[in-house]
J.: 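Quick one: this structure, given as structure tokens, is what I'll be asking you about.
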Amino acid sequence: MQEQCKLLYERMLAEMESCRQQHLTEKEHIECAFRTCEMNWKQLQNLLHTYRFHSESEEAWFFKTIKPKFTGLIEYYALVYKAALFLPEEDQQDIYKFWQNELLLASRFFMEHESFYKYYKTGMTEMDTIYFVRANNDPTLLPAAKAYDIAPEATTSHDHLVASIIARERYMEYVNQQMHRINN
């Protein structure tokens with residue numbers, strides 16, 4: 001499974017690069033990259049439906065490491081697309097304030113999930129079988145399904161948080177680049 005996941009991820013990145021090289025508008029590029037991520041996540045889900053994990057640690061590895069690589073990019077492009085839709089058009093000061101607010105919203109996410117963020121970023125593993133094994137899911141902790149995550153057999157109680165961390169960290173880089181452009 002590990003090799004199949006790696007190949008699928010590499011193919012997805014190559015397809016996303018192809019989106020970038022097509023000289024599309026910003027919104028068209030975002031849409032192309034989003035569709036690419038979503039399509040590859042669906043292929044990974046199909047693989048997951050037929051695969052039996054050999055151990056809880058392998059399952060936890062998949063839901064902590066592999067799935068969020070795909071779903072985190074879906075979430076990232078959703079954030080970028082939303083920003084492109086609501087970005088003020090003319091006044092540089094309004095645009096800068098918009099990006100400042102986006103940073104504030106992303107920072108708020110990290111504050112709200114501070115303990116899990118620390119757990120994840122420091123490489124801790126002692127709770128992995130609780131957080132990332134489907135048999136240990138606490139139904140009260142399961143989030144409301146995201147558009148890409150409606151299959152309960154492809155969801156754990158915390159993989160969505162890892163995807164959100166990946167998405168927001170990348171989004172904060174994007175926002176900082178936009179703010180830097182305004183300042184220069």
Side-chain angles (χ1 to χ4, degrees), residues 1-13 16 33-83 102-176:
M1 171 113 171
Q2 190 168 358
E3 189 60 31
Q4 291 170 303
C5 294
K6 179 182 175 194
L7 290 172
L8 189 59
Y9 184 71
E10 288 172 357
R11 187 181 78 204
M12 180 179 70
L13 293 178
M16 289 169 56
F34 180 88
R35 280 191 309 273
T36 297
C37 295
E38 194 173 47
M39 179 185 65
N40 282 281
W41 164 234
K42 287 178 183 175
Q43 289 179 8
L44 185 59
Q45 274 185 297
N46 290 337
L47 178 64
L48 180 62
H49 289 309
T50 60
Y51 186 78
R52 298 276 183 245
F53 291 105
H54 298 104
S55 65
E56 284 189 341
S57 62
E58 181 189 20
E59 183 175 351
W61 164 81
F62 175 85
F63 284 103
K64 183 179 184 181
T65 307
I66 299 302
K67 178 187 174 188
K69 283 183 172 183
F70 291 81
T71 55
L73 284 173
I74 293 170
E75 198 167 321
Y76 165 73
Y77 282 108
L79 289 167
V80 171
Y81 193 72
K82 180 181 116 333
E102 290 297 291
L103 281 179
L104 179 65
L105 292 172
S107 297
R108 193 174 295 154
F109 167 84
F110 291 112
M111 286 187 293
E112 289 172 5
H113 301 285
E114 184 178 6
S115 63
F116 182 78
Y117 182 70
K118 285 180 183 177
Y119 174 87
Y120 174 70
K121 293 304 281 187
T122 59
M124 297 173 80
T125 59
E126 60 268 4
M127 296 293 291
D128 281 4
T129 56
I130 302 298
Y131 293 157
F132 302 107
V133 173
R134 294 167 294 181
N136 297 331
N137 277 346
D138 177 352
T140 63
L141 294 178
L142 289 175
K146 296 184 180 188
Y148 60 78
D149 229 0
I150 57 174
E153 66 276 4
T155 305
T156 66
S157 63
H158 285 69
D159 66 77
H160 71 283
L161 286 176
V162 177
S164 292
I165 289 168
I166 290 168
R168 280 169 177 78
E169 285 179 341
R170 187 171 179 155
Y171 184 64
M172 288 176 82
E173 289 175 20
Y174 173 80
V175 170
N176 281 318

J.: Mind checking what makes salt bridge (charged side-chain N to carboxylate O under 4.0 Å, His left out) contact with Glu153, not counting sequence neighbours?
T.: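 Residues passing salt bridge (charged side-chain N to carboxylate O under 4.0 Å, His left out) with Glu153: none at all.
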J.: Among all residues two or more places apart in sequence or in another chain, which pass the salt bridge (charged side-chain N to carboxylate O under 4.0 Å, His left out) test with Arg35?
T.: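 Expected list: none.
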J.: Name the orientation class of the two ring planes belonging to Tyr131 and Tyr119 (parallel below 30°, tilted from 30 to 60°, perpendicular beyond 60°).
T.: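 Taking Tyr119 first and then Tyr131, their aromatic rings stand perpendicular (interplane angle over 60°).
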J.: By ring pair (Phe, Tyr, Trp, His ring centres under 6.0 Å), which residues pair with Tyr120, not counting sequence neighbours?
T.: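 Testing Tyr120 for ring pair (Phe, Tyr, Trp, His ring centres under 6.0 Å), a comparison that skips the adjacent residues, returns none.
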J.: Can you list everything that forms a ring pair (Phe, Tyr, Trp, His ring centres under 6.0 Å) with Phe34? Sequence neighbours excluded, please.
T.: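 Scan of Phe34 (ring pair (Phe, Tyr, Trp, His ring centres under 6.0 Å), adjacent residues dropped) gives none.
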J.: Going by the rule ring pair (Phe, Tyr, Trp, His ring centres under 6.0 Å), which residues pair with Tyr174 if we only count those two or more places apart in sequence or in a different chain?
T.: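 With neighbours one apart ignored, the set is Trp99.
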J.: If you define the side chain from C-beta out and look only at heavy atoms, does anything of Arg134 sit under 4.5 Å from Phe63?
T.: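 With C-beta onward as the side chain, the pair touches.
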J.: Which label fits Phe132 and His158: parallel for a plane angle under 30°, tilted from 30 to 60°, or perpendicular past 60°?
T.: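 If you compare the ring of Phe132 with that of His158, the planes turn out perpendicular.
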J.: Who passes side chain to side chain contact (heavy atoms under 4.5 Å, CB included) against Ala167, sequence neighbours left out?
T.: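 If we apply the side chain to side chain contact (heavy atoms under 4.5 Å, CB included) test to Ala167, skipping adjacent residues, the hits are Glu75, Tyr76, Leu79.
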J.: Can you find a pair of side-chain heavy atoms, one from Thr156 and one from Lys67, that are under 4.5 Å apart?
T.: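 No. Closest side-chain heavy atoms not under 4.5 Å.
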J.: In chain order, what residues pass the salt bridge (charged side-chain N to carboxylate O under 4.0 Å, His left out) check against Arg170, with sequence neighbours excluded?
T.: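 Arg170 satisfies salt bridge (charged side-chain N to carboxylate O under 4.0 Å, His left out) with no residue once adjacent residues are dropped.
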J.: Tell me, please, which residues at least two apart from Lys69 pass side chain to side chain contact (heavy atoms under 4.5 Å, CB included).
T.: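 Listed in chain order: Tyr9.
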J.: Does the side chain of Leu8 come within less than 4.5 Å of Leu47's, by heavy atoms?
T.: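 No; the side chains remain at least 4.5 Å from each other.
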J.: Return the set of residues passing ring pair (Phe, Tyr, Trp, His ring centres under 6.0 Å) with Phe62 (not counting sequence neighbours), or none when no residue passes.
T.: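 Scan of Phe62 (ring pair (Phe, Tyr, Trp, His ring centres under 6.0 Å), adjacent residues dropped) gives Phe53.
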J.: Is a side-chain N or O of Asp159 found less than 3.5 angstrom from the main chain of Thr155, in a donor-acceptor match?
T.: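 Not confirmed, Asp159 side chain does not pair with Thr155 backbone.
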J.: Holding to side chain to side chain contact (heavy atoms under 4.5 Å, CB included), I want the full list of residues that pass it with Asn46, two or more places apart in sequence or in another chain.
T.: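 Once residues adjacent in sequence are excluded, the partners of Asn46 under the side chain to side chain contact (heavy atoms under 4.5 Å, CB included) criterion are His49.
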J.: Test of understanding: with salt bridge (charged side-chain N to carboxylate O under 4.0 Å, His left out), list the residues that count as partners of Lys121, not counting sequence neighbours.
T.: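 Only Glu169 meet the salt bridge (charged side-chain N to carboxylate O under 4.0 Å, His left out) criterion with Lys121.
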J.: What pairs with Glu112 under side chain to side chain contact (heavy atoms under 4.5 Å, CB included), at least two apart in sequence or on another chain?
T.: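 Per chain and number, Glu112 pairs via side chain to side chain contact (heavy atoms under 4.5 Å, CB included) with Arg108.
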